[in-house]
Q: 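Below are the structure tokens for one structure; questions will follow.
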Amino acid sequence: MDLIRSFAILFVISGHFWLNTPFKNTIFEGTALFIQSIFRMFFGIGVPLFLLLTGYLNTNKTVSKRYYKGCIRVLVAYLFFSIITILFRKYYLHEDLSWLKWILKIFDFSAIPYAWYIEMWIGLFLLTPFLNMMYKAIPTQRQKQILILTLYVMTALPDLFNRYGLHLAPGFWASCYPLTFFFAGSYIHEYRPRVDSWKLWLIMLLLCMINPVFNVLFVHNHTLIQIAGGPWGVFGTVVAIAFFLLFYQTDFKSLVLRKSLTKISLLSLDMYLCCYIFDALVYPYFMERYFVNQSQFGIYFFIIVPILFAGSFVMAWAKDILFRWLKIA
């Protein structure tokens with residue numbers, strides 16, 4: 001699980017590459033953009049991996065004081081990094097807002113631009129004991145499969161069919177996709193399915209190639225059309241579950257590797273909360289000096305992402321040391 005959580009935070013940071021570069025506004029053509037579109041789909045599964053882990057690791061959580069106290073650590077971390085981010089945005093980025101508006105941004109989860117995840121997580125955290133009651137009350141494996149399939153249809157199909165002005169599937173429940181991943185994680189925890197590694201890699205590769213292949217064949221002189229949908233869509237959901245199945249039973253004998261993964265895993269939330277600061281520092285620096293076009297700039301992915309990952313890890317580690325010294329949750 002430490003390995004998957006480490007991959008998840010790496011994928012989240014990697015996925016921001018296409019948010020902070022003009023990929024969406026670039027005409028899709030050439031080998032470089034073809035490869036980038038594959039990477040974009042693949043690295044987009046970071047948040048779904050976190051949600052699968054939530055279902056997998058919390059399947060036995062019940063209503064108790066001890067459980068609800070677990071929320072405090074996350075909220076304290078969110079408040080801490082919100083304050084740090086506000087100071088960064090006000091005094092480094094020179095965003096001119098009153099202190100009252102900055103405080104309100106903490107409550108609407110916009111002080112940290114990536115903090116929508118925390119707003120979503122709070123609801124999922126509060127629901128988890130009751131979702132577990134619901135899941136455990138389902139008597140058969142087949143009925144649990146039907147539940148997950150039903151949620152998949154409700155939350156993933158609209159992402160595929162309700163695009164570009166079309167509305168071909170009921171989309172009201174699409175935003176409930178965290179439940180799809182939560183119950184899928186619970187199911188994997190209970191039944192421990194095994195699939196051949198080569199099949200999982202093949203599934204992921206084929207699904208990640210849908211967007212670029214479709215655009216090469218049918219779209220010309222246009223930006224990339226997202227025919228395959230997003231990370232929690234019809235294909236993204238399958239890619240995330242396939243990746244989870246590929247690694248969820250992986251173990252390592254190397255003590256150094258195990259300790260490293262455990263440390264990254266424990267700091268992954270804090271890394272998520274502070275990575276915006278490094279995005280806002282690193283991307284403008286590289287874009288101003290090295291950006292010619294999106295095709296050419298793709299190679300800098302392999303320079304920028306390690307810098308962002310290392311910077312976020314160091315800041316998260318520093319916060320952890322500070323909190324331990326102050327004996328804060």
Q: For the aromatic rings, using the six-membered ring if either is Trp, is the centroid distance between Tyr114 and His16 under 6.0 Å?
A: yes

Q: Quick one: do the Thr59 and Glu190 side chains pair a donor with an acceptor below 3.5 Å?
A: no

Q: Quick one: pull up CD in Gln249 and CZ in Phe244 and give me the separation to the nearest 0.5 Å.
A: 9.5 Å

Q: How far does OG of Ser268 sit from CG of Leu261, to the nearest 0.5 angstrom?
A: 11.5 Å

Q: Under 3.5 Å, is there a donor-acceptor pair between the side chain of Asn132 and the main chain of Asn58?
A: yes

Q: Scan side-chain atoms only and decide if Thr262 and Asp2 contain a donor-acceptor pair under the 3.5 Å cut-off.
A: yes

Q: Does the side chain of Tyr191 pick up a donor-acceptor pair with the side chain of Gln141 at under 3.5 Å?
A: no

Q: Which atoms form the tightest heavy-atom contact between Ile225 and Asn215, and what is the distance?
A: N-OD1, 2.8 Å

Q: Centre of Phe183's six-membered ring, under 6.0 Å away, within 45 degrees of the axis: is that where NZ or CZ of Lys144 sits?
A: no

Q: Taking the ring centre of each residue, are Phe125 and Trp121 less than 6.0 Å apart?
A: yes

Q: May I ask you to decide whether Glu95 forms a salt bridge with Arg89, counting only side-chain N to carboxylate O separations under 4.0 Å?
A: yes

Q: So does Leu151 get a backbone contact from the side chain of Thr155, meaning a donor-acceptor N/O pair under 3.5 Å?
A: yes

Q: Does Asp96, at its CG atom, have more than 12 non-hydrogen atoms belonging to other residues, nucleotides or ligands within less than 6.0 Å?
A: no

Q: Is it true that the NZ or CZ of Lys319 lies under 6.0 Å from the centre of Phe323's six-membered ring and within 45 degrees of the ring axis?
A: yes

Q: Please tell me whether Phe297 and Phe286 form a close aromatic pair, meaning their ring centres lie under 6.0 Å apart.
A: no

Q: Check whether more than 12 heavy atoms from other residues, nucleotides or ligands sit under 6.0 Å from atom CD1 of Ile299, and answer yes or no.
A: no

Q: Sort out for me which residue in Phe243, Phe301, Phe7, Phe17 forms a ring-ring contact (aromatic ring centres under 6.0 Å, His included) with Phe43.
A: Phe301

Q: If you measure from CG on Leu166 to CG on Leu160, what distance do you get to the nearest 0.5 Å?
A: 10.5 Å

Q: Evaluate Tyr290 against Tyr300 for ring-ring contact (aromatic ring centres under 6.0 Å, His included), listing each step before the verdict.
A: CA-CA 9 Å; Tyr290 306 111; Tyr300 285 91; 5.3 Å; yes

Q: Roughly how far apart are Ile148 CD1 and Phe181 CZ, rounded to 0.5 Å?
A: 11.5 Å

Q: From Ile138 CD1 over to Arg142 CZ, what is the distance, rounded to the nearest 0.5 angstrom?
A: 13.5 Å

Q: Taking Lys263 first and then Asp320, would you say they form a salt bridge - that is, a charged N and a carboxylate O separated by under 4.0 Å?
A: yes

Q: Taking the ring of Tyr283 and the ring of Phe278, is the distance between their centroids below 6.0 Å?
A: no

Q: Counting only heavy atoms from other residues, nucleotides and ligands, does the tally under 6.0 Å from CH2 of Trp99 exceed 12?
A: yes

